Amino acid sequence: MDDYMTSLNHRQREAVEATEGRIRVVAGAGSGKTKALTCRYAYLVNVLGVDPANILCLTFTNKAAQEMRQRIHRLVGSGDYNDFVCTIHGFCVKFLRQEIHRLGYPKSFTILDDDDQKQLAKQVMEELGLNRTVETVGQFLDATANKKVALFLQQPNYIDRMMLTEGLSESFDSSALDPEQANDMAFARYLQLQKKTLGLDFQDLIFFTIHILKRFPDACQYWQNEMEYIMLDEAQDCNKSDWTIVETLQGIHHNLFIVGDPDQAIYEWRGAKPKMFIEFQNDKTIVLDQNYRSTSSILNVANSVIRRNRNRVPKNLFTTRSGGTKVTHFHGRSDEEEARWIVAKIRALCPPSDATTSLSDFAILYRASYLSRGIEQALVRAGIDYVIWGSVRFFDRAEIKDALSYLRLIDQGDDLSFLRICNVPSRKVGRAYMSRLKAFADHDGTTLYDALKRHISARELYKESMVHFIDLIERCRQLVEERMKLPILLDQHGTVVSTQRRDHVISDVLDMVLEESGYKQLLREDDDTDRLENLTELLQSVQSYEEAHQQDEVLSISSYLQEIALYTNMDLDDVKQGTPRPTANGQKPTASPKVRLMTIHQAKGLEFPYVFVTGLSEGIFPSMKTLRERKRDGEEEERRLMYVAVTRAEKELFLTESEGFSAAARLSKYPSRFLREIKRDLFVTEGDMDELLWQESSKMVKTLGLDFGQDDAMTSSSLPSSEDVFPPGTRVKHDILGEGTIIDFNEVRGSYTVQFGNGTRNIRGNFLKPI
DNA sequence: ATTTTCGAGATTTTT
DNA sequence: TCTCGAAAAT
């Protein structure tokens, strides 16, 4: 601990020791922000003696929470304490498991993922006869989400009424409605169906938490009291509701420590409010601007990118490590050439025989996930191992969801899991059969599965395949019940002796249901080894869960399902118990080192020795769509994204783009403004580039009306970068006006007031040469 | 009534 | 690359 403290610089130390009150830390990229946070947590526990149960430490992603937990663990020692090191959603789940009974929900409420919501939406649309070509399921869900927000803002007590049967469950007759109303009917129906599943989506987790905090003062006070110290990471990416929760929770102790970087705010598109970080009422602000990550060559590029943003609090990152290899720009004649160059570069820097560099030192970043395609092809051709980081995530895979749905059906018998797997593998039930079954269920007021069980012998429903299906589910349920009755045996030391049969109940049931349902057979017939392997892995992860919770009274299918519910978009390795942890820079210990491909958003918070930022073309990055929809704000956020990308690099940075036609942007590709904004002498260009193309780009941008500069000084590369600001008194020469003296520099306009022989003029820097 | 097949279209970012 | 919907085949 003490060692750790001495390794901090004085600002970091100040942050660690500022435990009381409202503290804000502005932490630039690579300035040791996580170090300060984890160390502060350890300081609270080890030096102040605060109980970890009273510290809330909120992160932005599950991955970040995971890493934070591990680093804290190393500093604080073992113990079951890291309960409240989590994402905001993770906190809400913990909160709601304890408090949601106030709203009439069971504490075992489920969390609805995208697929579940789609399922619900489809059902609603089908019922109300909404044409899916007019409005897709996705659009329907977007609209529903928006309506939910509006409803919550206008009348948050709708949540109270959710559980009352009146209010939302009138019978729906869509025929006599005009389209406008039909939409609201669909919305109401959606809420009604959702309520029936006793499930909350991600947004509900937040809303329900806020609602309970507001409506039940005793609950609110309890939690305010518990949360003696609150830390909030990535505060610039929090939205209004996130802030509401955090500000409410700090209501008694007022110890709120927030960390963020307005220059890395890249989630405004989904409602983040970086302004709330900037305007945060605080007792003390600490700025961490010493960068420990990158060389100065890289940092100069980063600074010269971000200083173009007008809406920003000025801050310049610095490093004591000067020099480093100059940043390289590559211009390809086609996207294939761009990809080939990247691959060749990697080969050159990391020859197969070399032990000093590893393929895992390389990251290839892009604006949108579909851009990985071309690069992948080139990598495959060159025989370089790569992984696409966080693309198709383990728990998002169809076979995993199917398997978990079987488990959920056995445990809960709910409609959503039933709908997902009742015909997988095919039991020859289609739309017609399902609507008959639905009629039975509606009539009885039961779930689909219960209705099926009860009426299977009815003429309309009888089907041999379904008889088998029911039989299988029932046998699984019996097995679970039988096993759960077995007591946990402890010896005199309190250790578990013989729970074999009980321990493995979840994995045994899972195995049984996948085998006997014919699900595995289906995959074997398709020779789908990948998916079979995934199922094996799932089984193993269930087993390790069972082992980790051996002594737990609550070990059950539902506890397992609840545990993984929030981690559904993480890789299996992160969820598995007892697996090796990611290293400090977010790398996963993989058997063979691999180049990593990811979107810039996914790269946030990570660092790599060698970074390629690819697809730097107008319309792709910055993205045309963003520019069109959000104008200048959009452009500034894209620029911050560029800043994030650039600051990922430790040793060397490569910026690549190519000519050709961009299908997404529907136009020919030109070098991105973000490239053109960097001073030319900060990077070298490789590849065969026509200087004219470079010049053309800004014209092209202007014709499209997508340049948001307030005047020419901002759009062209004339804005002087900090290194070459002429101080007042400098003698300069102008081609036409002759020699003069700098009087002043106007930061906003990017121009100098110059005293010439015949009076003063405001002149932009690139028209002036020092004498 | 259900399943299969085929072609077209669309692709940001996350909890 | 993947998803979705419509038409053809069983």
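Note that this is a predicted model, so its numbers are computed, not measured.
- Evaluated for a side-chain hydrogen bond (donor to acceptor under 3.5 Å, both in side chains) with A:Arg420, the options A:Asp415, A:Asp402, A:Asp116 yield exactly one hit, A:Asp402.
- Atom CD of A:Glu460 is separated from atom P of B:dA1 by 14 Å (rounded to the nearest Å).
- Between A:Ser623 and A:Thr87, the residue anchored nearer the 5' end of DNA chain B, judged by the nucleotide with its closest heavy atom, is A:Ser623.
- A donor and an acceptor atom never sit less than 3.5 Å apart when one is taken from the side chain of A:Arg373 and the other from the base of C:dT1.
- Stacking of A:Arg97 on the aromatic ring of A:Phe109 is recorded, both the 6.0 Å distance cut-off and the 45° axial limit being met.
- Distance A:Phe202 CZ to B:dT15 C1': 5 Å, rounded to the nearest Å.
- Of the charged side-chain nitrogens involved, none lies within less than 4.0 Å of a carboxylate oxygen, so that A:Glu336 and A:Arg340 do not count as a salt-bridged pair.
- A sub-4.0 Å separation between OP1 or OP2 of B:dT15 and a side-chain N or O of A:Gln203 is absent.
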Heteroatom pairs (N/O) under 3.5 angstrom, protein to nucleotides 2-5 of chain B:
from, atom 1, to, atom 2, distance (Å)
B:dT2, OP2, A:Ala432, N, 3.3
B:dT3, OP1, A:Ser426, OG, 2.7
B:dT3, OP1, A:Lys428, N, 3.4

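- Side-chain proximity of A:Tyr267 to C:dT1, B:dT15, B:dT13: nearest is B:dT13.
- For A:Thr599, the listed nucleotide lying nearest its side chain is B:dT14; candidates were B:dT11, B:dT14, B:dT15.
- Panel note: side chain A:Thr614, backbone A:Leu365; a donor-acceptor pair is recorded below 3.5 Å.
- By the 30° and 60° cut-offs, the orientation of the rings of A:Phe612 relative to A:Phe654 is parallel.
- Between A:Tyr267 and A:Phe60, the ring planes lie tilted relative to each other; the angle falls in the 30° to 60° range.
- Note: CE (A:Met598) to P (B:dT13) measures 14 Å, nearest angstrom.
- Between A:Ile388 atom CD1 and B:dT11 atom C1' the separation is 14 Å, expressed in whole Å.
- Looking at the side chain of A:Arg270, the nearest of the listed nucleotides C:dC4, B:dT14, B:dT11 is B:dT14.
- Residue ring and nucleobase are not stacked for A:Tyr370 and C:dT1 under a centre distance beneath 5.5 angstrom and an angle between planes beneath 30°.
- Looking only at distances, no side-chain donor or acceptor of A:Glu268 sits under 3.5 Å from a matching main-chain atom of A:Lys273.
- The pair A:Glu637-A:Arg640 counts as a salt bridge, with a side-chain nitrogen and a carboxylate oxygen less than 4.0 angstrom apart.
- Counting only Watson-Crick and G-U wobble pairs whose two distances sit under 3.5 Å, DNA chain B takes part in these stems of three or more pairs: B:1-10 with C:1-10.
- Looking at A:Ser617, its side chain never comes within 3.5 Å of a backbone N or O of A:Ile620 through a donor-acceptor pair.
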